[in-house]
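Have a look at the structure below before the remarks.
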Number of protein chains: 2
Amino acid sequence: MEKSKKQIIKEASAKLFRKKGFNATSMQDIAAAVGIKAASLYNHIGSKQELLKELLFNIANAFTSGMNDIEASTLSNIEKLEALIDLHVDLTITYRDSIALITGEWVHLEEPDLKNYLKLRTQYEAQFLNILSACKKSKHIDKNTNIELALYSILSSLHWLYSWYNKNKGVSKIELAKQLKVTLLKGVII
Amino acid sequence: MEKSKKQIIKEASAKLFRKKGFNATSMQDIAAAVGIKAASLYNHIGSKQELLKELLFNIANAFTSGMNDIEASTLSNIEKLEALIDLHVDLTITYRDSIALITGEWVHLEEPDLKNYLKLRTQYEAQFLNILSACKKSKHIDKNTNIELALYSILSSLHWLYSWYNKNKGVSKIELAKQLKVTLLKGVII
DNA sequence: TCATGTAACTAATAAACGTTAGTGTAAAGC
DNA sequence: GCTTTACACTAACGTTTATTAGTTACATGA
């Protein structure tokens with residue numbers, strides 16, 4: 001089955017939202033990118049807001065689902081950290097454009113979507129912190145390390161991964177993940 | 001001398017731009033925040049675009065100037081890295097709201113400001129990378145470390161510092177800088 | 001062949017936007 | 001006391017915006 005028109009529109013939107021921001025992207029911009037007139041978009045989508053919502057929740061759900069898999073696995077805590085980095089690298093490469101939206105464009109969600117989105121995000125961070133906390137308990141992370149700060153540091157690096165990846169298309173996914181584990185975890189893990 | 005009205009407007013704008021984004025913030029929003037009508041803003045400022053421009057270049061210049069001081073200093077390379085983290089912490093605390101704009105809102109600058117802004121940014125990153133490179137040469141950073149990736153990792157963490165700092169007002173500036181040095185540099189420095 | 005559904009189009013609407021023009025008023029400078 | 005400046009206001013303008021309504025063309029399936 002080929003890609004649906006709606007999917008094409010969503011991908012074009014992601015690219016534009018990323019480059020110009022949600023508000024600065026007009027329906028005409030999106031329409032032009034897929035070769036139709038703005039009004040014709042509404043044969044395929046409900047609203048501009050719906051586009052943003054679906055793009056963001058696609059990704060949020062992918063992260064949540066990946067995190068749940070990792071949490072339920074029998075990996076060691078350190079291995080879970082590594083698996084999380086793999087997850088971020090995978091999703092960054094899979095979703096490319098739309099993943100950029102999670103850094104800033106989520107603020108343009110309307111209620112109640114905004115609340116639901118933040119709920120997913122908060123939960124994700126809590127699960128991530130849990131794993132870091134377990135590492136600390138099992139003495140794989142130094143007693144004096146501020147794990148909240150470490151969490152923020154790791155997550156912000158991973159959030160920006162997409163912009164780094166787009167500048168270095170040459171680097172392989174495996175090599176990227178390997179380097180990230182060294183850079184992000186060596187400062188934390190004993 | 002007390003704060004000029006223009007300064008008050010700029011600070012209110014920074015807070016709003018940060019929360020809602022540049023495009024989603026209307027002149028009425030800004031006017032309401034300072035207790036006047038939208039049209040009255042133009043007694044103090046030239047345009048909405050000018051507000052963004054001045055906010056961004058204030059910060060960009062502060063970073064550039066701080067970086068130049070550090071580069072010209074007699075500190076060791078490792079000490080320069082630590083000084084850079086101090087610089088980011090200082091500016092994050094000093095500028096609070098407007099510093100958030102450098103992560104995303106700079107895309108709404110118009111030419112030729114956009115080009116000039118990116119020039120400053122690129123130069124800053126190059127200088128930062130230079131210091132990392134010197135550390136690698138002097139064997140303070142492992143031969144196999146990808147310093148471009150390390151740079152991105154450090155910078156993205158520092159870009160997000162403002163959002164972390166706002167959630168943890170209790171933590172002191174000194175303690176924050178100390179923790180950051182451990183978290184960000186231990187993974188890199190041998 | 002006819003009916004149906006899909007998906008494009010043009011035209012229009014109502015709201016919001018940044019900005020300008022013109023007016024009033026009170027304080028400051030001569 | 002007169003003039004000027006500073007700074008607020010209202011009113012309006014021209015654009016841009018997302019979205020709706022109504023229409024047309026074409027392909028599919030009965």
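Each chain gets a letter, A, B and so on, in the order its sequence line appears, and its residues count up from 1. Values reported hereafter were calculated over all heavy atoms of this structure, with side chains retained and with hydrogens, waters and symmetry mates removed.
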Using only side-chain N and O atoms of [X], determine if any of them is under 4.0 Å from OP1 or OP2 of [N].
X: A:Ser40; N: C:dC9; answer: yes
X: A:Lys5; N: C:dA8; answer: yes
X: B:Lys48; N: C:dG18; answer: yes

Ignoring the backbone of [X], work out which of [options] is nearest its side chain.
X: A:Ser47; options: C:dC17, D:dT19, C:dT20; answer: D:dT19
X: A:Ala39; options: D:dA18, C:dA11, C:dT19; answer: C:dA11
X: A:Ile36; options: C:dG18, C:dT10, C:dA8; answer: C:dA8
X: A:Tyr42; options: D:dT20, C:dC9, C:dT19; answer: D:dT20
X: B:His44; options: D:dC7, D:dA11, D:dA18; answer: D:dC7
X: A:Gln28; options: D:dA8, D:dT17, C:dG18; answer: D:dT17

Send over the distance from [X] [atom1] to [N] [atom2], rounded to a whole Å.
X: B:Asn23; N: D:dT15; atom1: CG; atom2: P; answer: 19 Å
X: B:Leu16; N: C:dG18; atom1: CG; atom2: P; answer: 12 Å
X: A:Lys6; N: C:dT6; atom1: NZ; atom2: C1'; answer: 16 Å
X: A:Ile30; N: D:dT17; atom1: CD1; atom2: P; answer: 11 Å
X: A:Ile9; N: D:dT19; atom1: CD1; atom2: P; answer: 13 Å
X: B:Leu41; N: C:dC17; atom1: CG; atom2: C1'; answer: 14 Å
X: A:Phe22; N: D:dT17; atom1: CZ; atom2: P; answer: 13 Å
X: A:Ile45; N: C:dT6; atom1: CD1; atom2: P; answer: 17 Å

Any ion pair linking [Y] and [X] (charged N to carboxylate O, less than 4.0 Å)?
X: A:Lys10; Y: A:Glu54; value: yes
X: A:Lys6; Y: A:Glu50; value: yes
X: A:Lys173; Y: A:Asp90; value: yes

Task: With sequence neighbours excluded, residues passing ring-ring contact (aromatic ring centres under 6.0 Å, His included) with A:Phe63 - done: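 Partners of A:Phe63 under the ring-ring contact (aromatic ring centres under 6.0 Å, His included) test: A:His88, A:Tyr124.
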
Open item on the list: A side-chain contact here means heavy atoms from C-beta on lying under 4.5 Å apart; do A:Asn61 and A:Leu120 qualify?
Closed with: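 The answer is yes; the side chains approach within 4.5 Å.
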
- [ ] Would you state whether a donor and an acceptor, one from the side chain of B:Asn43 and one from the base of D:dA6, lie under 3.5 Å apart?
- [x]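 Counting by modelled atom types and ignoring angles, no donor-acceptor contact under 3.5 Å is found here.
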
TODO: Please tell me which of A:Gly46 and B:Lys37 maps to the more 5' nucleotide of DNA chain D, matching each residue to the nucleotide holding its nearest heavy atom.
DONE: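 Its nearest nucleotide lies further toward 5', so the answer is B:Lys37.
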
